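Report on the structure given below.
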2 protein chains.
Amino acid sequence: MGQISYRQIKEDVRSKVVRGVWALGAELPKEEDMAADYGCARATVNRALRELAEEGLLERKRKSGTRVRQAPVRQARFDIPLVRREIESLGERYTYRLLEREETQAPAWLCARMRLTRPDPVLHLRCLHVAGDTHYQVEDRWINLTTIPAAREADFTTQGPNEWLIATIPFSDVEIGFSATAADADLARDLGCALGDPLFQGERSTWLNDAPVTYVRMVFGRGYKMTTRY
Amino acid sequence: MGQISYRQIKEDVRSKVVRGVWALGAELPKEEDMAADYGCARATVNRALRELAEEGLLERKRKSGTRVRQAPVRQARFDIPLVRREIESLGERYTYRLLEREETQAPAWLCARMRLTRPDPVLHLRCLHVAGDTHYQVEDRWINLTTIPAAREADFTTQGPNEWLIATIPFSDVEIGFSATAADADLARDLGCALGDPLFQGERSTWLNDAPVTYVRMVFGRGYKMTTRY
DNA sequence: CAGTGGTCTAGACCACCCA
DNA sequence: GGGTGGTCTAGACCACTGC
C-alpha cells in the first residue's frame with residue numbers, strides 16, 4: 001500500500017466541500033483526527049489544509065478549528081508575462097518599435113504615482129508592441145533617472161524597456177491596476193482604432209526598497225481581455 | 001537563542017536577491033547547505049524556498065538546483081470581494097436594486113460562454129449596486145435553471161444573486177476575464193454616464209463539476225480601477 | 001487554562017532529470 | 001547513475017484564542 005499524499009487529501013477535502021458533505025461554514029475534524037482517518041502524519045494533513053486555506057476554500061483558527069469559508073474568497077491570479085512572450089505564445093510574430101524618447105522632469109501626476117516629493121528627472125519612452133500585423137499594446141514608460149541613471153545610456157530602439165529593466169533592476173514593491181480608458185488621438189493612431197474606442201489598460205509602479213524605479217501605462221488594442229481560470 | 005523561522009529565511013533570501021547578492025539567473029546553494037548555514041533543518045529551508053518559487057521569485061528543478069528567475073513571473077493576485085463588502089469597506093452605504101428579471105432560453109452567445117450543448121432554460125437578472133449616491137456596478141446575471149432549479153423560487157429583490165449563489169451553491173471551476181467596453185444606452189442610463197463612455201467590466205463563468213452554474217457580466221461605473229500590490 | 005493549529009526537527013525514501 | 005528537490009513521518013514545543 002502506498003502512502004497518501006497531501007495532494008490526494010486536498011482533492012478529497014475539495015470534493016467533500018463541493019459535494020456538500022461539508023456545508024459552507026461547517027467545521028472539519030481536527031488535524032489529528034483527520035490524520036488518523038487518512039492513516040498519515042499530522043504534518044501531511046496540515047499541509048493539505050494550509051494550502052486550501054491559502055486558496056480561500058477554508059478558514060483556520062487556532063483553538064477553534066478549521067471550517068469551510070462562508071463566502072469563499074474569490075481571488076484570481078493573473079500572470080503578467082512579458083508582452084513579447086505573450087505574443088509569441090499566441091503563435092504570432094513579435095515586433096517592437098520605439099515611438100518616442102525624451103528626457104524630462106516628472107510632471108505632477110507622475111510624482112503622485114511614483115510617490116516622489118520632488119520632480120525627479122525621468123526618461124519617458126513610448127513604445128509599440130506588434131503581434132503579426134496587429135498593433136497589440138502601447139507602452140508608456142517613465143523611468144526615474146535618479147534611481148536608475150544607467151537608463152540614460154540604454155538603447156531602447158531594439159529592446160523594450162520592460163525587458164531591459166527586468167534583466168537589469170530587481171524590485172521589491174509593486175502596485176498594479178487595471179481600468180478602461182478612451183482612445184485619444186495618439187492611441188487611436190498607434191493602435192489603429194477609432195477615436196474614443198474603449199481600451200483596456202494596465203498601470204504599474206515599481207519600487208526598490210522605497211526608491212521609485214518606474215511607472216508604466218500599458219494600453220491594449222481593441223477587444224483585449226485578460227483572463228484566467230481556477 | 002531562538003530557532004530560525006521559515007519566514008526569516010524567506011526574507012533573507014528575498015533581500016539577497018533584491019540587493020544583488022544573488023543576481024538574476026544565479027544558482028543558490030542546495031537546501032542541505034543552506035540548512036547548515038542557517039542552522040536549521042532542511043525542511044525549514046525547503047518550505048521557504050518552495051514558497052518563494054510559488055511566488056515566482058525562484059525557479060527550482062530536481063538535480064539542477066534552485067536559481068533566481070531570469071524574468072520574475074509577475075503574477076498579480078486580485079481579491080474578488082462581494083460588491084456589497086467592497087462598497088462597505090469604502091465607507092459608503094450599499095444599496096441594491098433589481099432592475100429586471102426574466103426566464104428565457106440561453107441565447108447562442110451564452111451557450112458558448114457556459115459551454116452548453118443545448119439552449120438550457122436560464123434565469124436572467126439585471127441588478128444595480130449603488131455606493132452612497134454613485135451607481136457602482138451593473139450586474140448582468142444568467143443562472144442555469146437546469147443545474148440550479150432552486151433559483152426560480154429565490155427572491156432577488158432584496159438580496160443580490162451573487163450573495164444568494166455564494167450562500168447556496170458551491171462551485172468547482174471558474175473562468176474569469178476583464179476587459180473594456182463602451183456604454184450602450186442601457187448602461188449609460190443605469191450607471192449615469194454618457195453613451196460610449198469606456199467602462200471596465202468583468203465576466204465570470206462558474207461550473208460545478210462540469211455542470212454550468214452561472215455566467216455574470218459586471219460593468220463598473222466610470223473611472224473604476226481594480227488594483228493590488230505585492 | 002486547555003484545545004487547536006503553526007512550526008521545527010532529524011531522518012528517511014523517492015522521483016525526477018541532467019550529465 | 002547520481003545529485004537535487006519533493007514529500008512523508010513521528011514527535012515535540014509553541015502561540016494563539018475561545019471558554
Side-chain angles (χ1 to χ4, degrees), chain A residues 1-17 21-73, chain B residues 1-17 21-73:
Chain A
M1 55 167 272
Q3 290 171 322
I4 197 166
S5 86
Y6 78 97
R7 290 165 192 275
Q8 290 173 279
I9 297 180
K10 274 178 81 170
E11 272 325 296
D12 189 55
V13 171
R14 226 196 293 270
S15 146
K16 283 194 169 102
V17 171
V21 178
W22 289 325
L24 297 178
E27 183 165 353
L28 275 59
K30 59 182 179 193
E31 290 188 350
E32 209 177 333
D33 293 347
M34 292 185 68
D37 291 346
Y38 287 116
C40 67
R42 181 164 80 96
T44 307
V45 172
N46 179 278
R47 178 158 180 196
L49 298 186
R50 176 168 27 97
E51 291 191 2
L52 287 173
E54 204 164 315
E55 289 170 24
L57 184 69
L58 305 178
E59 204 169 12
R60 319 191 74 198
K61 254 188 239 164
R62 286 164 161 150
K63 161 79 177 178
S64 67
T66 302
R67 14 184 91 254
V68 182
R69 271 207 139 85
Q70 285 286 355
V73 173
Chain B
M1 52 168 275
Q3 291 170 321
I4 198 167
S5 84
Y6 78 96
R7 291 166 192 275
Q8 290 172 280
I9 297 179
K10 273 178 83 169
E11 271 325 295
D12 189 55
V13 171
R14 227 196 292 270
S15 146
K16 283 194 169 100
V17 172
V21 178
W22 289 324
L24 297 178
E27 184 165 351
L28 275 60
K30 58 183 179 191
E31 290 188 350
E32 210 178 332
D33 293 347
M34 290 184 70
D37 290 348
Y38 286 117
C40 67
R42 180 164 81 95
T44 307
V45 173
N46 179 278
R47 176 158 182 196
L49 298 186
R50 176 173 20 101
E51 291 192 2
L52 287 173
E54 205 165 313
E55 289 169 23
L57 184 68
L58 305 178
E59 203 170 12
R60 320 191 73 196
K61 254 187 242 165
R62 284 162 160 151
K63 161 80 176 177
S64 67
T66 302
R67 20 185 86 253
V68 182
R69 271 206 140 84
Q70 285 287 354
V73 173

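Side-chain atoms are counted along with the backbone in the values below, which use heavy atoms only and exclude waters and symmetry mates. Only a predicted model underlies this, so the values are computations on that prediction, with no experimental measurement involved. In the text below, chain A, chain B and the rest are named by the order of the sequence lines, each starting its count at 1.
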*CA sep, side-chain torsions, deciding dist, call: B:R60, B:N46, side chain to side chain contact (heavy atoms under 4.5 Å, CB included)*: CA-CA 11 Å; B:R60 320 191 73 196; B:N46 179 278; 4.0 Å; yes
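- The CD1 atom of B:I4 sits 14 Å away from the C1' atom of C:dT9 (whole-angstrom rounding).
- Annotation for A:M34 and A:V13: closest pair CE-CG2, 4.0 Å, computed over non-hydrogen atoms.
- Ion pairing between a basic and an acidic side chain is recognised when a charged N comes within 4.0 Å of a carboxylate O; B:E59 and B:R67 show no such pairing.
- Counting to the nearest Å, the P atom of D:dC8 and the NZ atom of A:K10 are 11 Å from each other.
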Hey, what are the protein-to-nucleotides 4-6 of chain C N/O distances that come in under 3.5 Å?
{"from": "C:dT4", "atom 1": "OP2", "to": "A:K30", "atom 2": "NZ", "distance (Å)": "2.6"}
{"from": "C:dT4", "atom 1": "O4'", "to": "A:K63", "atom 2": "O", "distance (Å)": "3.4"}
{"from": "C:dT4", "atom 1": "O2", "to": "A:K63", "atom 2": "N", "distance (Å)": "3.2"}
{"from": "C:dG5", "atom 1": "OP1", "to": "A:T66", "atom 2": "OG1", "distance (Å)": "3.4"}
{"from": "C:dG5", "atom 1": "OP2", "to": "A:E31", "atom 2": "N", "distance (Å)": "3.2"}
{"from": "C:dG6", "atom 1": "OP2", "to": "A:R60", "atom 2": "NH1", "distance (Å)": "2.6"}
{"from": "C:dG6", "atom 1": "O4'", "to": "A:R62", "atom 2": "NH2", "distance (Å)": "2.7"}
{"from": "C:dG6", "atom 1": "O6", "to": "A:R42", "atom 2": "NH2", "distance (Å)": "2.5"}

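- Computed from coordinates, the B:Y38 OH to C:dT7 C1' distance equals 17 Å when rounded to whole Å.
- Atom CD of A:E32 is surrounded by 12 or fewer heavy atoms from other residues, nucleotides or ligands within 6.0 Å.
- Exactly one residue among B:R47, B:R50, B:E11 makes a side chain to side chain contact (heavy atoms under 4.5 Å, CB included) with B:Y6. That residue is B:R47.
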